[in-house]
Amino acid sequence: MGMFDTIEIENDIQNGPKAGEYQTKDLDSALETYHIRDSKLIKRVYKYHTVEESKRKHKWHLIEAEFLGLMDIDYHGWIEIYGAYSTWRLKFTDGELKECKIMEQFNQPTVVEEEEIREKQTLKDGEIAYWSGDGGEYVIDEEE
């Protein structure tokens, strides 16, 4: 699986991904956090300090991070991002987001499926729902 970076999209991108958190392996893959803001790729920048042994709160407290600020990294190229419901390719040219391509959509019900799900999830008076555990679905019983 390996490491990845996080990309936080602050506002829905027109004809592109929705606001939210995505992952990518196309940047540093060092668990860094980036933001897409105003069509720019912005990196959260930290400086790391070694913690003196006498000041450590526990034996694993070896370094501390100091947030320095946000930096426009003037990215040029393609980045593939993965979210819960879709995979996108984003093209940056001279630091500006210029193009978005949907690569894959999954776990997204159609409008008809959403209506069927809503109907199944709506309990009527006297009904009790519980997780079946075996078939991966809710079971509705009449209240006794």
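Along the sequence shown, residues carry numbers from 1.
Within the 4.5 Å cutoff, the side chain of Phe4 has no heavy atoms near those of the Ser29 side chain. In this structure, the side chains of Ile36 and Ile7 come closer than 4.5 Å at one or more pairs of heavy atoms.
A donor-acceptor pair is defined here as one N or O able to donate and one able to accept, closer than 3.5 Å; such a pair exists between the side chain of Thr24 and the backbone of Glu80. Between the His76 side chain and the Asp94 main chain, a donor and an acceptor come within less than 3.5 Å of each other. When atom types are taken as modelled, the side chain of Asp12 and the backbone of Ala19 share a donor-acceptor pair closer than 3.5 angstrom.
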Please walk me through it: do Thr6 and Glu21 pass side chain to side chain contact (heavy atoms under 4.5 Å, CB included)?
CA-CA 7 Å; Thr6 298; Glu21 192 171 283; 3.3 Å; yes
Begin from the C-alpha positions of Cys100 and Ile13 and carry the test side chain to side chain contact (heavy atoms under 4.5 Å, CB included) through to its verdict.
CA-CA 9 Å; Cys100 300; Ile13 297 173; 3.9 Å; yes
Would you sort out whether Leu62 and Thr50 count as a side chain to side chain contact (heavy atoms under 4.5 Å, CB included), showing the intermediate values?
CA-CA 6 Å; Leu62 304 175; Thr50 303; 5.9 Å; no
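Under the 4.0 Å criterion applied to side-chain N and carboxylate O atoms, Glu96 and Lys40 are assigned as salt-bridge partners. Ionic pairing of Lys55 and Glu53 is not present here: no N-O contact between side-chain nitrogen and carboxylate oxygen is shorter than 4.0 angstrom. Salt-bridge formation is not detected for the pair Lys47/Glu66: no Lys NZ or Arg NE/NH1/NH2 atom is positioned less than 4.0 Å from an Asp or Glu carboxylate oxygen.
Residues Ala30 and Asp5 come closest through the heavy atom pair N-OD1, 3.0 Å. Minimum interatomic distance between Tyr75 and Phe92 (heavy atoms only, all atoms of both residues): O-CB, 3.4 Å. Considering every non-hydrogen atom in both Glu64 and His61, the closest pair reads OE2-NE2, 3.1 Å. Contact detail for Leu70 and Arg44: the closest heavy-atom pair is CD2-CG, 3.6 Å. The shortest non-hydrogen separation linking Ile73 to Lys43 is CG2-CB, 3.7 Å. Annotation for Ala65 and Tyr46: closest pair CB-CD2, 3.9 Å, computed over non-hydrogen atoms.
Ile42 and Leu97 fall into different hydrophobic clusters, where Ile, Leu, Val, Met, Phe, Trp and Tyr side chains are chained together by heavy-atom contacts under 4.5 Å. In this structure, Trp60 is not a member of the same hydrophobic cluster as Ile63, with clusters built from ILVMFWY side-chain heavy atoms closer than 4.5 Å. Note on Leu27: it clusters hydrophobically with Met71, by side-chain heavy-atom contacts below 4.5 Å among ILVMFWY residues.
Expressed to the nearest 0.5 Å, how far CD of Glu8 lies from OG1 of Thr33 amounts to 6.0 Å. Taking OG from Ser39 and NZ from Lys98, the interatomic distance works out to 8.0 Å, rounded to the nearest 0.5 Å. Summarising the geometry, atom OH belonging to Tyr82 is positioned 9.5 Å from atom CD belonging to Gln23; distances are rounded to the nearest 0.5 Å. A distance of 10.0 Å separates CG of Leu41 from NE2 of His35, quoted to the nearest 0.5 Å.
Judged purely by distance below 3.5 Å, without hydrogens or angles, the side chains of Asp28 and Tyr34 pair a donor atom with an acceptor atom.
With Tyr22 as reference, Ile81 is the one residue of Ile81, Thr87, Leu90, Ile79 to meet the side-chain contact (heavy atoms from CB on, under 4.5 Å) rule.
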